2 protein chains.
Amino acid sequence: MRMPKKERQRLLGKLLKQNPFLTDEELSEHFTVSVQTIRLDRLEHGIPELRERLKTVATRTMKEEVKSLHSDEVFGDIIDMELDERALSIFDVTEDHVFQRNGIARGHHLFAQANSLAVAVMNDDLALTAKSAIDFLKPVKAGDRVVARAEVKKESLGEKRTLVVVVSTVNDETVFTGEFHMYRTTDRKQGEMK
Amino acid sequence: MRMPKKERQRLLGKLLKQNPFLTDEELSEHFTVSVQTIRLDRLEHGIPELRERLKTVATRTMKEEVKSLHSDEVFGDIIDMELDERALSIFDVTEDHVFQRNGIARGHHLFAQANSLAVAVMNDDLALTAKSAIDFLKPVKAGDRVVARAEVKKESLGEKRTLVVVVSTVNDETVFTGEFHMYRTTDRKQGEMK
DNA sequence: CTGTTATTAGTACCAAGTGCTAATCCGGAA
DNA sequence: TTCCGGATTAGCACTTGGTACTAATAACAG
C-alpha cells in the first residue's frame, strides 16, 4: 500500500479544493491507485464528479460578477437621496469584510461606503474627493447593518469645493463619522453625461 | 421558418454570454429548432460546448479568487516591511478601480491601500484604525502604479495610540497622503495568534 | 487459516457532446 | 413547372468522464 487510505482521502479533498479541475484518471495517477479507488474515495467523502465541481465553481463566478459590479460602482445600497442635500445608504457587513482574527470590519469598507455616498450626493457628474478626515468610533462586526447619512453643507469652502459630512450608525449608535471635501469639476461644456 | 438564421445565431451568442449553462437541447427548445441546428450554429460561430464553457468560466473564478484573497486581506502588494518602522506596497490601478465617466480612480481604493498598509505595519495582531485625515492631491488613472510608503511615528499619542503616516506616489509624484491614528489592542493574554 | 477491509477489474448505462452522411424542406430562378 | 442550393433535420458511430453495480483479488489482523 503506497499510503494509508485515510491519508489519501484527506489529501484528495484538499487537492480538489485547490484544483477542482482534476479528473479521476489524473487523480488515480497522482496517488498511484486505480480509478475505481478514487471513485470510492469520492463516494465516501461525498465529493462530486468533475463536471459537478466545475458547475458549482462557475455558478459562484456568475453570482459574484453581478455583485461586484454593483458593490463597486457604489459601495452600499443607496436608499434615499436628494441631490445636493442629503443621502442615505445601507451596507450589510459580511464575513468578507472583516479581519479573520477578530471579526472587526476593515476600516476601508466603512470609508468606501461613506466616500461613495459623498460622491453620489454631489449633483455633479465628476465630483472627486479632495480631502477627508474620519473617525472610527466603534468597531463594526459581521452581520451589522451600517446606515450612512450624508449631508451636503452649504458653507463655502472656495470656488469649487463642497463639504459633505457623513455619519454612519449601527442600531442608532454612531460607529463612524467623516468629513469629505469634494471637488466639483462641472465641465459640462465638453459633453453631456453618458 | 420561425426566425431568420442570422438573427437566431446573434441571439444565441448573446444568450450564452449571459448564461453559459444552457445545453444544446435547452437551446433547441428555446428557439424551437432541432438540436442539430443549434450545433451547426455553434460550429459556425466557434461557440464551444457546454462543458468547455463551464471550464473557462470556472477558470476565471479560480484566478480571481486568488487575486481577491490577497487584495482583500491587504489591498495592494506589500513589497517591503520593517514592523513598527516602515512599509511599502504597490497597487496597480485597473479599469475596475476608476469611474467610467472620467477614468479617475475612486478615492476609497487609494484609502484602502494606505489603510491596509497602516494596519500591516503595526506590530500588533489586532491593530485598528481609530481616526484618519487624508488628502487626495492628484487624480490617479487606470494603468498607474501607486506606491504607498507608510512610516510609524514614534511620538506618543497616548497609551495605546500610534500615528502612521502614509504617502502614496505615482512616478514619484505624490498623489495621496494620509495620517492614520492606529489603536493597538495587544491583548495577547487571551491566546496566541492563530 | 479465516474473516474483513481495501483495492482492482469489468460491465452496462448516461449526458452532452463531436463528426459525418444522408434525407427533407423551402424559396427563387430558369 | 422543375430544378438548384441553402437551411434544416435525422441518424449513427464514437468520445469523455463519469454512475451503479457485481465480482474477483490482495492485504492484513486475529
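So you know, we letter chains A, B, ... as the sequences are listed, proteins then strands, and number each from 1. Computed from a prediction, not measured in an experiment: that's the story for all the values here.
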Using modelled atom types only, decide if a donor and an acceptor are shared between the side chain of Asn19(B) and the backbone of Leu16(B) within a distance under 3.5 Å.
no
Under a 4.0 Å heavy-atom cutoff, the residues of residues 10-27 of chain B touching DNA chain C are Thr23(B), Asp24(B)
Any donor-acceptor pair under 3.5 Å linking the side chain of Asn171(B) with the backbone of Glu173(B)?
no
Nucleotides 12-14 of chain D: which of its N/O atoms have a protein N/O under 3.5 Å away?
none

Is there a residue in residues 43-53 of chain A whose heavy atoms reach under 4.0 Å of DNA chain D, and which residues are they?
Glu49(A), Leu50(A), Arg51(A)
Any Leu15(A) side-chain heavy atom under 4.5 Å of Phe31(A) side chain
yes
Which residues pass the side chain to side chain contact (heavy atoms under 4.5 Å, CB included) test with Glu95(B), sequence neighbours left out?
Val98(B), Ala142(B)
Ile38(A) CD1 to dG18(D) P, in whole Å, measures 11 Å
For residues 23-39 of chain B, the salt bridge (charged side-chain N to carboxylate O under 4.0 Å, His left out) pairs (sequence neighbours left out) are Asp24(B)-Arg39(B), Asp24(B)-Arg42(B)
Among dT9(D), dA9(C), dG18(D), the one nearest Ser34(A) by side-chain distance
dA9(C)
Checking the side chain of Thr37(B) only, and the main-chain atoms of Val33(B) only, is there a donor and an acceptor separated by less than 3.5 Å?
no
Nearest whole Å is fine: how far is dA6(C) P from Phe31(A) CZ?
17 Å
Give a yes-or-no answer on whether the side chains of Glu179(B) and Ser132(B) include a donor-acceptor pair shorter than 3.5 Å.
no
If you measure from CG on Leu12(A) to CG on Asp41(A), what distance do you get to the nearest 0.5 Å?
6.0 Å
Value in whole Å for how far the C1' atom of dA23(D) lies from CG of Leu40(A)
13 Å
Arg145(A) to Phe91(A) six-membered ring, cation-pi geometry met (6.0 Å, 45°)
no
Is any side-chain nitrogen or oxygen of Arg39(A) closer than 4.0 Å to OP1 or OP2 of dG17(D)?
no
Nearest-angstrom distance from the residue atom CG of Leu54(B) to C1' of dG18(D):
15 Å
Choosing from dG17(C), dG18(D), dT9(D), which nucleotide comes nearest the side chain of Arg42(A)?
dG18(D)
Residues passing the ring pair (Phe, Tyr, Trp, His ring centres under 6.0 Å) test with Phe111(B), sequence neighbours excluded, are Phe111(A), Phe180(B)
Go nucleotide by nucleotide along DNA chain D from the 5' end; which of Asp41(B) and Lys55(B) gets its closest nucleotide reached first?
Asp41(B)
Do Arg161(A) and Tyr183(A) form a cation-pi contact, if we require the NZ or CZ to be under 6.0 Å from the six-membered ring centre and within 45 degrees of the ring's axis?
no
